Amino acid sequence: MEKVLISRILVALDASTSSRNVLQAGITLATHFNAELNVLFIEDIDLLHVAELPFVREVIYGAPVGRSINVMAMERSLQTQTAQLRKLVESIARENQIKITFSVMRGNVARMLCDASQQTDLLVIGKNTQLLLKSRKIGSITRLVLSTARCNLAVLQYGSSIERPVVVVYTGDRTGQRALALAIELAREDHNQLIIVLPAVDDSEYQQLCESVQNNVRDPSLQISLTRLSINSAEQILQVIQQVHGRILLLENDSAFLTDLEQQLLITQSDIPVILLR
Amino acid sequence: MKKPLDKSQLYTACDSSRFDFETTDQLKDLPEIIGQNRAMQALHVGVNIQHDGYNLFVLGPPGLGKHAVVREYLESLSKSRETPPDWVYVNNFEKPSEPIAISLTSEHALIFRDDMHQLVEDLCSAIPGAFETDEYRLRLQEIDDELKKTIESAFGQLNEEAEASHMRLLRTPHGFAFAPIRNNEVIKPKEFDELPEQEKRQIEKTIHALEEKLTGILRMQPQWQREARNKVKELNREIVMFASGHLIDELKRKYQDHSVIQNYLEAVQQDVIQNLQNFRRDEDAQDHMNMPLMKMPAFRRYEVNIIVDHTQHDGGVPVVFTDLPNYANLIGAVEHTVHMGALQTDFTLIKAGALHQANGGYLVIDALKLLTQPYAWEGLKRALISREIKIQSLGQIYSLVNTVSLEPEPIPLTIKVVLIGDRMLYYLLHAYDTEFKQLFKIAADFEERVERTSENQRVYARMIAGMLHRNNLRPFECSAVARIIEHGARLAGDAEKLSINVTAISEVLCEADYYAAESSQSVVGREHVQRAIDAKFYRGDRIREQLHEAINRGILLIDTDGAKVGQINGLAVMQLGDVSFAMPSRITATARLGSGKVVDIERETKLGGAIHSKGVFILSSFLAERYAKDYPLSLSASLVFEQSYGRIEGDSASMAELCSLLSALSNLPILQSMAITGSVNQRGESQAIGGVNEKIEGFFDICRFRGLSGSQGVLIPASNRMHLMLRADVIEACEAGQFAVYAYNTVDEAMEILTGETAEHVNSQVEARLSHLEKIRQNLAKHDKDISGDNGKGTD
C-alpha cells in the first residue's frame, strides 16, 4: 500500500483568536509526521480596496455607529495584526519546542492560499462558522480552497483539535488506499483503534472492500472496526461518526461515492476535523 | 485596790465534754449555712421574684464563703427549672452583615447544625449529579444552539441580502465592513471611480443601509446572549430545584413549627440556586481536599454557629460563674481572621458571652472584677436595661472604628445576675450609680459572726465536719473541734461570738490535718490545731519579732518597771497580712502654764488621724469639766507618742494620754510595769476598743522577755472583758500571779492602779496644780495690766 508522505505542512491563519486552535492542530500533525511546519498569514487586499472607498464604514461590535476607515488606518491595523500574530506563533513555537516559519503575504486570500498549497503536502485551514447559516457553514475562501487547492487538505472548525479515534472512508481505489495508509499512521497512538467506513452499495462490493482492507492492513496490533454505509451520503457518514464517537475523519477528495455538493455538505456539517486526500 | 481579772474572765473555753461525739465522723454535715438567715432569705426572694431589676448583690467581707453559698443555692434551685432554649446564629443571605439569631428547643442546636451539614453534603452530591444528566446537556445545547441560530440567522440573512445587492461582508481588523463586488470579486477603487455617478450613489446607499442593519444585529447580540444566559439560569434553577427541593423540603417538614427556620431554609434554597457553581466545582473541592466540607469558603455560608448549647447541662437552667468578666466575655464578641493582611469576619466568628451562656438562668460575677474591667459594667447594665444581648465591639459603640463589621441580631435576655462583692462596693454603687438601684434591688448581706451559744457551738461543729468532709480531711477529735471553736471566737475578736469566716477556718483545718498526717495520726487532735494556729502566726510574725527585738535591745524605749511622771505605756495594734499584733508605745505628757490648750504633737505634725485628734480634744474637755469649771484652764500641755514615725489613728490610746497628762499635772509617777488601752469620754468613763487580746499579748511578750515580775499587767476597759480570748501562756502567767489584766470603768480607777494612789488624792493634786497655774496666770495678768497702766499714764 502506497504511503503518504507529509513532510511540509502549511497552516493558514487569520487574525481571529480562535485560529490558535488551527495552529495547534498543525503542530500536532507536524509532530506526528515529523514534518516541516510553515504558517502563512495573508493580508486581505480587499480590505485595502474597501478602505479606499470614502463612504464605507467599519461597523464595530459595541460601537453605536460605524467608524470611517481609510487606507492608512487599515495599513496600520494590518501591521498590528501581523505583529501580534507573529508574536503568537513565536510563543506557541517556544511552548511546543518546535520550529515554525512564519510568512506574511498580501493579496486575494483564496488565490494566495491555492498558490501556496502547491508548495506543501498538507494545508491546514479553519472554516468560518460565525457569520453564516448552518446550511452554509464554510466561508467563500474555504469553499474556493476546497475546489482549487492541489495538496491534501485539513479543514477544522475553530475550537476543535486533532484527537482520536480515527475514522477513514475507504473506497479501495488508489486515493482511498492513501487515505487508509494515513489513517493507520494517525491511529497508532490511540490504542491502534481505527474505524474504517466502507461505502458499499451491495454485499459483493462490501465483501471486496473488506478483503481489500485485509490485504492492505497487515499490522495485527491494529484494532479495526469495519462499518458499512447503508447509503452513500454525507448525512450517513456523519451519523456513523456520531455513533462511533469519531474525532477525526479522513477521506479522499473527489471520490466517486460522494458528489461535490455532498462532500461540501460533509465538511460543512462536520464538527470534527476532516482531512481530504488528493 | 482593783483586783485583776481571774482566769475564767481571760478566756472562755469551749467545754468539749458537752459535745455528744468523739470525732467529727459521727457528725452529720450541716445542710444549710450557719448564721446567714438574713442573706439566705434575701437570696430566696431575689431569685424568685421574676420582675425586672430583681437582680442581687451579695455583700460581705472576703472569706465568708459567699461564692460557695451562692453556687450551692443556685445550683440546687436550677435543677427544678425548665432548661432555656439553645441559640444559634445563621447567615443572613440578604444582609450578610446582620446574621440571624434562631432559638431552638433545648439541645436542638446540635441537631439543627448536623441537619444543615448533612444537607450541604447531600447537595454536593445531588447537584453535580443532576447537571451531568444527558437531559441537562441536551437542554443546555438547545439553548446554545438557539442563540447560535439566532445570530447565524441574523448574519445569514444580512449576508444573503448583501450578496443579492452585490455586496460582500468582510471581516476587518476591528469589525466588519461591506464591499461592492463584481464578478465575485471586490471592486477595486479605480473600477469604482469609473462607475456612473448614479451607480456609485446606489452602492453607497446600499452599503449604508446594510451597515445600519449590521449595527442593529451587533446591538441585539448582547441582548440575545443575555436572554440565553437567563434561559440557562432558569434551566439551572429548575435542575437545582429538582435536585435539592426534596432535601430542603424534608428539613422544612422537620422544622415545620419553626417559622424562622422555614424562612431560613427558603433563603438557603434561593442561595444554592444563585451559587450553584459552588456545588459544581470539583477542582475546588480537590484543592480543599483535607478541609471539612463546611470549612470550605463556598459552604461556610450554610454553617450553623451554635452560640448556646445546653447538651452539656444535666438539665435545669444554667448557673454561670465568670472568672474574667471583661466586656467581650460578658456580651460576646465578633472575632476576625487575617487573610492576606486584611481582617475578615462572618457570622461563624460570633462568640458567645457569659450573658448568652447564662440566659434563662443565673450569672454570678465578682463585683470588683467586673468594675475593674473597662466598660464591662456599662455593657452589663445596658443589656439588663434593654433586656437583650446586642453584640457590639467597643470600637463600634464609641465610634472608634468606622470599618464595616457584623451587627448580629440581638438575642432576648432573661437572666438573674448575682454580683458578689464587699460592702463598701455595694454602698458606693448604691450612692453614686442611679441605675444600680434599679437593677440590683436585692442585697444579700452576709454576717461575719454568730452568737456563741451552746446550740451554735454544736452547729459550728457540724459545719466543721462538713468542711472536713468536702475537703477530704481527717476527722477531728471533739477537743480539736473545741479548739477550732475557741479560735473562731478569737477570730471574731469576741468571746461571745464565733467567726464564720470559712476561709480562715478552712485554712486551720487543712494545716491541722497536715500536722496530724506528719505525726501519722488518723484523727486530728487539739495539739494539731494549736500547732496549726501557732505556725500560721509564726509565719507572719517576722515584723513583730523585729520590733520586739528593738524594744529588748533598748532601741525602742519601753520601760517595764519603775515609775515615772508623765510617761505611760500605750498599746497599738498592727495588721500585716493575716497576722495582727500589738506593740507597746511610750506616751509622754508635759504640762506648764498656758492658755488651756492641749497640744497633740501627732496632730501638729499631721501624723495623727481625725479620730485620734478627736480623742485628744476630749481630754481638754474632760480637764475643763472636771477640774476647771469655775475658772479658765491656765495650762499648756503636750502629748506625744515617742518614737512613732508613722501615722497614728484611732482613739484607743486616749485613756493612756489622759492618764499621762494627769500624772504630769499631779506630779504622781505612773508604774511603768503597766500598760493601758482604752478610749475615754468627756466624763472620764472608759470605752471599748478593738484588738484587746493582741494588745495584752503584745505587752506580755515584752515583759516575759525581760522577766515577769508579778507587778506587770495591762489595763483594759471593763466593756472589753467580753472580748478576751487570750493566749494560753498569758493565762498561765496570770494564774501564777506573774502578770495581771485589770478591767477599769473610769479614769479614776485607772489612775489608782497606775499610780497606787487613791483617786481623791490624784484629783486633789491635779486641782491644786491647775489652781496654782491659774493664780500664776492671774498674777501675770495683773502685772501686765499694771505695766500697761503705768505706761498709759506716762503717755498721757
Side-chain angles (χ1 to χ4, degrees), chain A residues 14-16 18-19 41 43-71 73-85 107-111 128-137 139-141 143-144 157 271, chain B residues 141 145-160 162-163 167-182 184-193 195 200-222 225:
Chain A
D14 61 18
S16 66
S18 50
S19 65
F41 173 62
E43 295 173 347
D44 191 351
I45 193 72
D46 286 346
L47 292 176
L48 292 163
H49 293 157
V50 167
E52 282 188 56
L53 301 177
F55 51 84
V56 173
R57 286 175 299 178
E58 190 177 26
V59 180
I60 299 168
Y61 185 84
V65 290
R67 189 175 74 167
S68 299
I69 50 175
N70 57 52
V71 177
M74 188 58 77
E75 282 280 4
R76 273 200 303 275
S77 295
L78 288 172
Q79 280 171 16
T80 307
Q81 270 189 346
T82 307
Q84 282 175 348
L85 214 51
N108 182 286
V109 178
R111 268 203 297 274
N128 194 341
T129 60
Q130 193 178 357
L131 301 179
L132 304 169
L133 287 169
K134 185 96 175 169
S135 56
R136 300 176 60 195
K137 219 173 175 181
S140 56
I141 295 169
R143 244 180 301 151
L144 193 66
Q157 186 173 2
D271 292 329
Chain B
Q141 188 64 47
D145 286 350
E146 195 181 335
L147 172 65
K148 279 182 182 168
K149 194 175 172 183
T150 307
I151 295 170
E152 282 174 0
S153 169
F155 273 102
Q157 282 175 15
L158 183 67
N159 215 31
E160 279 173 6
E163 280 184 13
M167 300 292 167
R168 180 174 291 164
L169 180 60
L170 297 178
R171 217 179 230 290
T172 62
H174 301 113
F176 304 94
F178 287 98
I181 53 172
R182 285 288 180 275
N184 212 24
E185 295 227 349
V186 173
I187 297 178
K188 295 181 178 58
K190 210 172 183 179
E191 291 169 353
F192 183 80
D193 288 342
L195 290 173
K200 280 186 199 171
R201 275 200 296 280
Q202 184 57 42
I203 288 172
E204 186 178 344
K205 196 176 166 187
T206 307
I207 284 180
H208 282 171
L210 289 168
E211 282 172 352
E212 285 296 318
K213 286 183 180 174
L214 179 60
T215 305
I217 291 170
L218 293 180
R219 215 174 274 165
M220 286 301 289
Q221 214 166 321
Q225 284 165 343

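Note that the coordinates shown come from a computational prediction; the quantities given were computed from them, not determined experimentally. A, B, ... follow the sequence lines: proteins, then strands. Residue 1 opens every chain.
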Max heavy-atom pair count under 4.5 Å with chain A, selected residue of B/Glu185, B/Lys148, B/Arg168: B/Glu185
Residues that A/Ala83 engages under side chain to side chain contact (heavy atoms under 4.5 Å, CB included), provided they are two or more places apart: none
More than 12 heavy atoms of other groups within 6.0 Å of B/Lys200 NZ: yes
Residue selection (most heavy-atom pairs with chain B, distance under 4.5 Å) from A/Asn108, A/Leu53, A/Thr80, A/Asp44: A/Leu53
Side chain proximity check, A/Glu58 to B/Pro173, heavy atoms < 4.5 angstrom: yes
A/Glu52 side chain reached by B/Lys188 side chain, heavy atoms, under 4.5 Å: no
Partner residues of B/Glu212 under the salt bridge (charged side-chain N to carboxylate O under 4.0 Å, His left out) criterion, sequence neighbours left out: none
Mutual orientation of the aromatic rings belonging to A/Phe55 and B/His208 [parallel < 30°, tilted 30-60°, perpendicular > 60°]: perpendicular
Most contacts with chain A, counted as non-hydrogen pairs under 4.5 angstrom, among B/Ile207, B/Ile203, B/Leu170, B/Thr172: B/Thr172
Non-hydrogen side-chain atoms of A/Val71 and B/Pro189 separated by less than 4.5 Å: no
Part of A/Arg111 within contact of chain B (heavy atom distance under 4.5 Å): side chain
B/Lys190 NZ to A/His49 NE2 distance, which is reported to the nearest 0.5 Å: 11.5 Å
Contact winner vs chain A - B/Leu158, B/Ile217, B/Thr215, heavy-atom pairs under 4.5 Å: B/Thr215
Contact leader toward chain B among A/Val50, A/Val59, A/Ile45, where contacts are heavy-atom pairs under 4.5 Å: A/Val59
Side chains of B/Glu211 and A/Val56 in contact at under 4.5 Å (non-hydrogen atoms): yes
Part of B/Phe192 lying under 4.5 Å from any heavy atom of chain A: side chain
